[in-house]
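Written out below as structure tokens is the structure these notes cover.
Throughout, a chain's letter reflects where its sequence line sits, starting with A, and its residues are numbered from 1. Every value quoted in this text rests on a predicted model; they were computed, and no experiment measured them.
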Amino acid sequence: MKVQESKFIQDTKPLLVRLLDRLLERYPYASVLAEDSRTRVYSVSRRNMSVGEGDLGTSRGFVAKVSDGKHYTEYSFNRISEETLDVVCARIGELAAASGQVLPEGLTESEYPVPEEEAAAFTGSTSYEIDPRELGDDAILAHLNAVKEKGLAVSDRLLDCRVRCEYQRYTKLFLSREKTMEQNVMWMDGMIAFGAARGEEIKSYYKTYSNLGGAEMLSRMDADVETAAGVTLELLESEPIPPGEYDCVCAPEVTGMIVHEAFGHGVEMDMFVKKRALAEQFVGEYVASELVTMHDGASAASEVASYFFDDEGTAAHDTVVIEKGVLKSGISDLQSALTLGTQPTGNGRRESFRRKAYTRMTNTFFEGGTDTVEEMIASIKYGFLLENPSSGMEDPKNWGIQAMVNIAREIRDGKLTGKIFSPIVLTGYVPDLLKSISMMSENVALSGSGMCGKGYKEWVKVSDGGPYIKAKVRLG
Amino acid sequence: MIEQIEAVLRQLNIELYRITEQVQESVECFFIRKRLDLKRGTDLTDYAVTVFRAFEKETPQGKEKQLGSSVVNIYPGMAGEEIREALAQAYQAAALVCNAYYELNAGKREAFVPAGGSLAGQSLEETVRQMAEALYAPDTSSKVFINSAEIFAQRVVRRIVNSRGVDVSFETYSVSGEYVVQCVEPQDVETHHQFAYRDADTAALRKSVEEALAVTRARAEAKNPPKAGTYTILLSAEQMRIVLGYYMKRASTGLVYQKYSNYEIGTAAQGQDIQGDALTIYLKAKDPYSAEGIPMKDRLLLEEGTVRTLHGGSRFAYYLGVEPTGEYSCISVPTGSRTMEELKAGPYLHIVSFSDFQMDELTGHFAGEIRLAFLYDGKTVTPVTGGSVNGSILETQGHMTFSTERYQDERYEGPYAVRIEGVQVAGA
């Protein structure tokens, strides 16, 4: 089944076309992005339940962007009618002319060319098997409750089991002089999270799920809830890790965090424009082991960050960022590409129509290799199997890594000993880590349950992942 | 619009509800070096409606009274039928949400609370101009400078209405943003900084930038990580909010009710054996009303290490039998017992910049990668970078000593620094 278009967007489109025409009479470049996005979030736990629209991802409104030939101005708004069209045009005019009011002495304005557009008319929808709206709130909550009860039944030592899922269904319409593009997309994600008390300390573990599609994802949540409960209980016996550099096998979700945080942010080309990314100086050079090939793109995988065009009307790409260890290309939004004289790669994304577009990752991952996980573990004299990442932070300028990982399973003489260390801080220098990759498993897994920020804000949906990898990692 | 929504709620026989109207306007400027890269404006009106539904549920212990709820967003321009459909769906969903019964906060129509302060008396454009001027004033060197910056000037008017008579409204002005400082010699490094003010505090921003330039200059001198081991560490400035925010989060009624926190009124939060400073913390009200329309005021959270207030909204307060206080995001802490000079007695590692310093309120673990620290080995002070801190507040909270020097930002006012003994550091 295909995701249906938004009636609101269709009803409003004639008015938006008139707005665009009015803006194009005055400015050499103008575009309008309209968004109608709805999320629905379900959550159950031992003592709490909720269902309703989510804060992030639920929005309906418009952003107009204009260029006077040199300078860009944007205006986000969510009221439009025949009566307010003049007001919207007037406000955009005021903002475009406001540089003198906002600039103190000594500061100037950047100058950009007007983008050259190729004509494009497009309408596309992603697919799903089960429509969560048709399935209904009752059935979804019943499913989550059943998973929760199954989890809590594993042990009285479990403090709680929180099971949640969320779907987003959105329609976006992009209009400019040469482009009329519309897309209808739906994704769904979910999480099972356990907590268990060790004195005042609450140990937690989670398992995530995601798909580009609908409620067909829910059936996967049943399968490993008991295993997840068991890992939470194992964590009650964990201890802090002795700091040091170790041979490690990273599970796909940890690989994903390394791909995303350690390298992905560093090839966002708005960072090249600001001279904030070391990667700009390494294009064409080895930055990783020859085993490593890395992709990013909304069309590079079928996951939660897949779409047909970005928020600036650029078609989705599959960008090969690293090919056999050599840095080939960054990813780019439109305005950065205008500055750098490169082609945009369909990575201009907004948190919503309310916010600015930046260069953002989409589906980011390493290709698979030829090794097995068993071979990788067997090859380690003393080290760890890293699982269950919780957060990470980018450092494009200096290629530092910070990633929090929940579990390090001890490997001694090629075998897992059953001993667990937690929590873990993974740090290091990106090229050192990527060049140390010596083995990669065949299968690639992507996960899209999280959101990615630019610094500490601008949250967008992304997926990341890869195979199991063996590398040298500093843990603390 | 609120009247239109209430009319539909009456038609649907929805007796319990809360409506939040938010009208926001902003002017936003994005800079690369000393050039304005993009200017933006927003004019947004949003309505969030929470509908509640009381019902009884059969349990092995008999019938239990429940109160379910569901949130839906209503947008300007929505047709009457679309609003009706959205609210009806939310009301249907509320019947599926089996939460123990509680009572919504009651109130009455209160006078609109206008924003005070200097931001209220000027245009958003003028606010951006003043803050940009302050931001760039100390940027006079070609070796260490502001790489890029974002400034957001905002006016928000919020009105909260519920079915138990609450009808409150207030206005806030704010200016916030972030900036990146780059130093190109002897190595090319950067640091990331944020700011947020409710007043046109140009002096505070200027001082913050001057400090950021100095920190970044020091980071450019730092080359090596500290040796791995156990250290006496000093944390300071914005890290203080993260460390002490642990106690604010642990004292939230939501965590307590769900048994993620063992706090009660009278709990010895810092443990029984406090060798360092006993903590007193106040919750600071930043807005006149909470998200539910509960009047907010400053409250005593911890007194000499003992929990005095559990804070949160009406639901979890009802369950726990405590006064609903609304949600807090700012704490105030009295001055500590030692000067910075005294805190620096003996070897220490003063971490002034992390990649992303984190405190987990469930486990009590704090951790982060070190971007810049000053290591004093008893003889010399050396700037270091790299490695990470991994500690537990549960293990160290009895041995924390705070500075007499003060620090203030939008969510914290209190001692500038804390000295914590026996923290594990991963390094060279």
Side-chain angles (χ1 to χ4, degrees), chain A residues 45 47-53 58 60-61 72-81 91 95 98-99 101-104 106-110 137-138 141 159-160 195 200-204 240 243-244 273-276 354 356 391 393 395 397-398 400 402 404 423 425 427 455-456 474-476, chain B residues 27 29-30 32 34-45 70-73 75-77 90 93 96-99 125-126 128-129 132-133 136 147-148 178 180 188-190 192 194 228 257-260 262 355-356 358 362-365 367-369 386-388 390 394 424-427:
Chain A
S45 63
R47 308 188 85 181
N48 195 23
M49 235 176 136
S50 66
V51 55
E53 290 189 335
T58 299
R60 179 186 276 191
Y72 283 91
T73 303
E74 289 189 353
Y75 178 55
S76 299
F77 56 104
N78 61 358
R79 283 179 188 273
I80 191 166
S81 64
R91 184 63 185 136
L95 284 164
S99 301
Q101 296 171 55
V102 297
L103 281 177
L107 270 63
T108 58
E109 256 187 294
S110 298
D137 295 338
D138 203 356
L141 284 171
L159 177 70
D160 205 352
E200 274 193 79
E201 186 182 6
I202 308 293
K203 289 295 196 182
S204 60
V273 173
K274 295 173 181 173
K275 301 293 175 198
R276 288 190 58 200
R354 298 160 191 266
K356 177 187 182 295
S391 68
M393 194 65 186
D395 183 14
K397 183 75 184 171
N398 302 104
Q402 173 180 320
M404 304 293 186
V425 189
T427 58
Y456 293 90
R474 187 191 294 159
L475 305 178
Chain B
V27 171
C29 284
F30 300 80
I32 298 178
K34 291 186 176 178
R35 293 186 306 278
L36 174 62
D37 197 57
L38 176 73
K39 52 190 179 299
R40 301 186 81 250
T42 67
D43 280 301
L44 303 164
T45 304
S70 187
V71 184
V72 66
N73 294 283
Y75 297 106
L96 304 170
V97 176
C98 301
N99 288 327
E125 286 84 352
E126 174 59 13
V128 170
R129 193 197 64 77
E133 189 171 40
Y136 281 97
N147 169 286
S148 47
E178 60 180 49
V180 173
D188 195 355
V189 299
E190 69 173 34
H192 181 274
Q194 295 171 285
Y257 173 71
Q258 295 185 81
K259 299 191 184 298
Y260 285 103
N262 61 354
S355 293
D356 182 23
Q358 295 194 5
L362 299 186
T363 65
H365 277 95
E369 186 209 15
S388 62
N390 191 348
L394 296 174
Q424 197 178 73
V425 173

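No side-chain donor-acceptor contact under 3.5 Å links Asn262(B) to the backbone of Glu200(A). Using a distance-only test at 3.5 Å, with no hydrogens or angles considered, a donor-acceptor pair links the side chain of Glu53(A) to the main chain of Asn73(B). Asn390(B) places a side-chain N or O within 3.5 Å of a backbone atom of Pro423(A) that can act as its donor or acceptor partner. Side-chain atoms of Arg47(A) come within 3.5 Å of backbone atoms of Tyr257(B) as a donor-acceptor pair (strictly under, hydrogens ignored). When atom types are taken as modelled, the side chain of Asn78(A) and the backbone of Tyr75(B) share no donor-acceptor pair closer than 3.5 angstrom.
If you run side chain to side chain donor-acceptor pair (under 3.5 Å) between Asp188(B) and each of Lys275(A), Lys397(A), Arg276(A), only Lys397(A) comes through.
Residues meeting the salt bridge (Lys or Arg N to Asp or Glu O under 4.0 Å) test with Arg40(B), sequence neighbours left out: Glu74(A), Glu28(B).
With a 4.5 Å cut-off on non-hydrogen atoms, Asp137(A) touches chain B through its backbone and its side chain both. Heavy atoms closer than 4.5 Å to chain B are found in both the backbone and the side chain of Leu107(A). Proximity to chain B (any heavy atom under 4.5 Å) is shown, for Arg60(A), by both the backbone and the side chain. Looking at Ser99(A), the atoms closer than 4.5 Å to chain B (heavy atoms on both sides) sit in the backbone and in the side chain alike.
In this structure the side chain of Met393(A) never reaches within 4.5 angstrom of the side chain of Glu369(B), judged on heavy atoms.
Among all heavy-atom pairs drawn from Tyr72(A) and Leu38(B), the shortest one is O-CD1, 3.4 Å. Considering every non-hydrogen atom in both Arg474(A) and Gly386(B), the closest pair reads NH1-C, 4.4 Å.
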